[in-house]
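What follows is one structure encoded as structure tokens, with my remarks underneath.
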Amino acid sequence: MGVKIAVLPGDGIGPEIVRETMKVIEVLNKKFDLQSTWQEAHVGGAGYDAAGDPLPEATLALAKASDAVLLGAVGGPKWEPLDKPLRPEAGLLRIRAALGLFANYRPTKVHDQLLSASTLKEEVVQGVDILVVRELVSGIYFGQPRGIETLPNGEKRGYNTLAYTTSEIERIARKAFEAARLRRGKVCSVDKANVLEATEYWREVVIKLHAAEYSDVELSHMYVDNAAMQLIRNPKQFDVIVTTNMFGDILSDEASMLTGSIGMLPSASIGEKFAMYEPIHGSAPDIAGQDKANPLATILSAAMMLRFSLGREDLADKVEQAVELTLNDGIRTIDLAQPGDTVVSCSGMGDAVCQRLEGLA
Ligand code: NAD
């Protein structure tokens, strides 16, 4: 029977980077013994255009009937004038919530071959290997009440709610401690416990869980403002960072720039039952349709899918190795290119990775 993948290319560069990733999956099917099948469905602006909904019912049904979901990216200027619930980004938030994907894993690994692509000094970023574990379905992005209201004096007010329950904190902290056990054994929990009660409670729950079940892991705490600074000052101090939805959103984008390009970074969003894999970047409307995008973040997301959802650690290693070999050969998309590199298109990069993957057989 094999495994079934729901493929949601989305908008902008989404279809281009997903196409290259599926070429890699095709090699794994043909040359190795992956035995996967996949089916595509619309999400984001493409979902709105096809079915009037950024998350069409059929897409969610396909996602739920699959072993894993691979998503490209959503969004673009075309859909910005729409009402908020119809915008592409609403479809993304809804699918994460509907699949219960509470844990977002964002690894940031600096590849030696790309050291010069970082805006930071080589000695600061060389060897950086951080995993940000971000809470994804609660916190201020989901808290109620929320809205924009008119006060009795006629002035308007926008407001959101930051709230976390014990079980929401425990389940994400547990994921972080477990990930740390497979890495260098260190978790840094990032909060703003000095100002926000919701994160004061976050810290209390993390400390209790650590003492009860994970005392073998080294736990530290950091305020988010300091963490933002330390990520640039001395990123090598971090192994696993666990944090709230909004802080994780911001810090993981900051961490991504340690590597030189947002086009390199994969992510996994995991719940009790379902999982979805996607690059951390957006739909890059500025380069969409030009065959220029870097597909490596999506290809590396597929490697995470092989490892976490499809039980194929062996093939995940092979895909990551093929990416390393491609970079070793100086092959780069335009976002990463330095003088002397061989600059390739999005499809050229996909082909280069496939060639090296086939060579590993
Ligand atoms: P973006 O990540 O799409 O682009 C930021 C910059 O990085 C752009 O200059 C872009 O060209 C470049 N870039 C991104 N991915 C790249 C890749 N693979 N290869 C080469 N260069 C790449 O962020 P943005 O411009 O703020 O947002 C554009 C749209 O994407 C918006 O509609 C936004 O809402 C949406 N968005 C979607 C997601 C998602 O689908 N998960 C995430 C972030 C933003």
Side-chain angles (χ1 to χ4, degrees), residues 7-21 42-49 54-55 59 69-82 84-97 99 101 104-106 114 117-119 132 134 136-137 141 245-246 248-257 259-269 276-302 304 323 326-327 331-338 341 343-350 353:
V7 176
L8 315 182
D11 312 317
I13 60 169
E16 302 165 46
I17 54 182
V18 165
R19 191 177 310 125
E20 298 315 310
T21 304
H42 295 302
V43 73
Y48 176 78
D49 288 349
L55 180 62
T59 300
V69 180
L70 183 75
L71 184 136
V74 301
K78 178 180 168 191
W79 301 283
E80 270 163 24
L82 292 173
K84 216 157 157 226
L86 296 176
R87 282 189 213 149
E89 294 75 8
L92 195 58
L93 290 182
R94 271 170 54 208
I95 195 170
R96 287 172 179 165
L99 298 179
L101 308 177
N104 183 226
Y105 295 72
R106 292 183 167 199
L114 300 181
S118 176
T119 48
V132 178
R134 165 189 169 195
L136 202 61
V137 294
Y141 290 2
N245 202 342
M246 182 164 73
D249 192 3
I250 298 166
L251 292 182
S252 58
D253 265 28
E254 185 190 358
S256 78
M257 281 322 291
T259 67
S261 170
I262 199 165
M264 287 299 299
L265 295 179
S267 82
S269 304
M276 186 163 87
Y277 300 83
E278 54 179 315
I280 76 158
H281 59 73
S283 59
D286 51 335
I287 56 167
Q290 300 173 31
D291 198 20
K292 269 189 189 166
N294 183 350
L296 293 181
T298 320
I299 292 173
L300 291 169
S301 300
M304 292 183 87
V323 169
T326 308
L327 295 174
I331 297 174
R332 308 273 189 275
T333 39
I334 190 81
D335 54 309
L336 294 174
Q338 302 285 316
D341 290 335
V343 180
V344 292
S345 60
C346 180
S347 51
M349 181 59 98
V353 173

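Ligands are counted one by one from 1 in listed order, and the atoms in each one are counted from 1 as well. Basis for what follows: all heavy atoms, side chains included, without hydrogens, waters or symmetry-related copies.
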How far apart are the C-alpha atoms of Asp11 and Lys78, what are their side-chain angles, what is the distance that settles it, and do they pass the salt bridge (Lys or Arg N to Asp or Glu O under 4.0 Å) test?
CA-CA 10 Å; Asp11 312 317; Lys78 178 180 168 191; over 6 Å; no
Test side chain to side chain contact (heavy atoms under 4.5 Å, CB included) on Asn294 and Met264; report intermediate values, then the result.
CA-CA 7 Å; Asn294 183 350; Met264 287 299 299; 3.8 Å; yes
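Under the 3.5 Å distance criterion, the side-chain polar atoms of Arg106 are left unmatched by any main-chain donor or acceptor of Val132. Between the side chain of Arg134 and the backbone N or O of Asn245 there is at least one donor-acceptor pair closer than 3.5 Å. Remark: the backbone N or O of Gly248 is paired with a side-chain donor or acceptor of Ser252 at under 3.5 angstrom. Side-chain atoms of Ser267 come within 3.5 Å of backbone atoms of Glu278 as a donor-acceptor pair (strictly under, hydrogens ignored). The backbone N or O of Ile262 sits nowhere less than 3.5 Å from a side-chain atom of Ser256 that would complete a donor-acceptor pair. Arg87 contributes no side-chain N or O that, together with a main-chain N or O of Trp79, makes up a donor-acceptor pair within less than 3.5 Å.
Close contacts between ligand 1 and Ala73 involve ligand atoms 40 (O) [criterion: under 4.0 Å to a heavy atom]. If you number the atoms of ligand 1 from 1 as listed, the ones under 4.0 Å from a heavy atom of Gly75 come out as 32 (O). Every atom of ligand 1 is numbered from 1 in the order shown, and the set under 4.0 Å from a heavy atom of Glu278 is 41 (N). Atoms of ligand 1 lying under 4.0 Å from at least one heavy atom of Ala293, given by number and element, are 19 (N). Of all atoms in ligand 1, numbered sequentially from 1 with element shown, those under 4.0 Å from a heavy atom of Gly76 are 32 (O).
Atom 3 (O) of ligand 1 has its closest protein heavy atom at Ala284 N, 2.8 Å. Among protein heavy atoms, atom 7 (O) of ligand 1 sits closest to Ile262 CG2, 3.8 Å. Ranking the protein heavy atoms by distance from atom 1 (P) of ligand 1 puts Gly282 N, 3.5 Å first. The protein atom (non-hydrogen) at minimum distance from atom 21 (N) of ligand 1 is Ile287 CD1, 3.7 Å. Nearest protein neighbour of atom 40 (O) of ligand 1, counting heavy atoms only, is Val74 N, 2.9 Å. Atom 9 (O) of ligand 1 has Asp286 OD2, 2.9 Å as its closest protein atom, hydrogens excluded (heavy atom only). What sits closest to atom 34 (O) of ligand 1 on the protein, heavy atoms only, is Glu89 OE2, 2.4 Å. The single protein non-hydrogen atom nearest to atom 19 (N) of ligand 1 is Asn294 N, 2.9 Å, given as residue, atom name and distance.
Between the CD1 atom in Ile331 and the CE atom in Met349 there is a gap of 7.0 Å [rounded to 0.5 Å].
The side chain to side chain contact (heavy atoms under 4.5 Å, CB included) test applied to Ala268 returns Tyr105, Ile270, Tyr277, Met304, Phe308, not counting sequence neighbours. Remark: Pro285 pairs with Pro77, Ser283 by the side chain to side chain contact (heavy atoms under 4.5 Å, CB included) rule, at least two apart or across chains.
Across Ile13, Leu71, Asp253, Ile334, heavy-atom proximity to atom 16 (C) of ligand 1 is greatest for Ile13.
For atom 5 (C) of ligand 1, the protein comes within 4.0 Å by no heavy atom at all. Atom 27 (O) of ligand 1 is never approached by the protein to below 4.0 angstrom, counting heavy atoms only. For atom 24 (P) of ligand 1, no protein heavy-atom neighbour is present inside the 4.0 Å cut-off.
Among Val69, Asn104, Leu70, Leu136, the single residue meeting the side chain to side chain contact (heavy atoms under 4.5 Å, CB included) criterion with Met276 is Val69. Of the candidates Leu327, Thr326, Thr333, Leu296 forms a side chain to side chain contact (heavy atoms under 4.5 Å, CB included) with just one, namely Leu327.
Of the heavy atoms in Pro285, only side-chain atoms (C-beta onward) come closer than 4.0 Å to ligand 1. With a 4.0 Å cut-off on non-hydrogen atoms, Leu92 touches ligand 1 through its side chain and not its backbone.
Distances shorter than 4.0 angstrom occur between a heavy atom of Ser283 and an atom of ligand 1. The closest approach between Ile17 and ligand 1 stays at or above 4.0 Å for every heavy atom of the residue.
Residue His281 places at least one N or O, backbone or side chain, under 3.5 Å from an N or O of ligand 1. The N/O atoms of Gly72, backbone and side chain alike, include none that comes under 3.5 Å of an N/O atom in ligand 1.
Around CD1 of Ile334, the count of heavy atoms belonging to other residues, nucleotides or ligands within 6.0 Å does not exceed 12.
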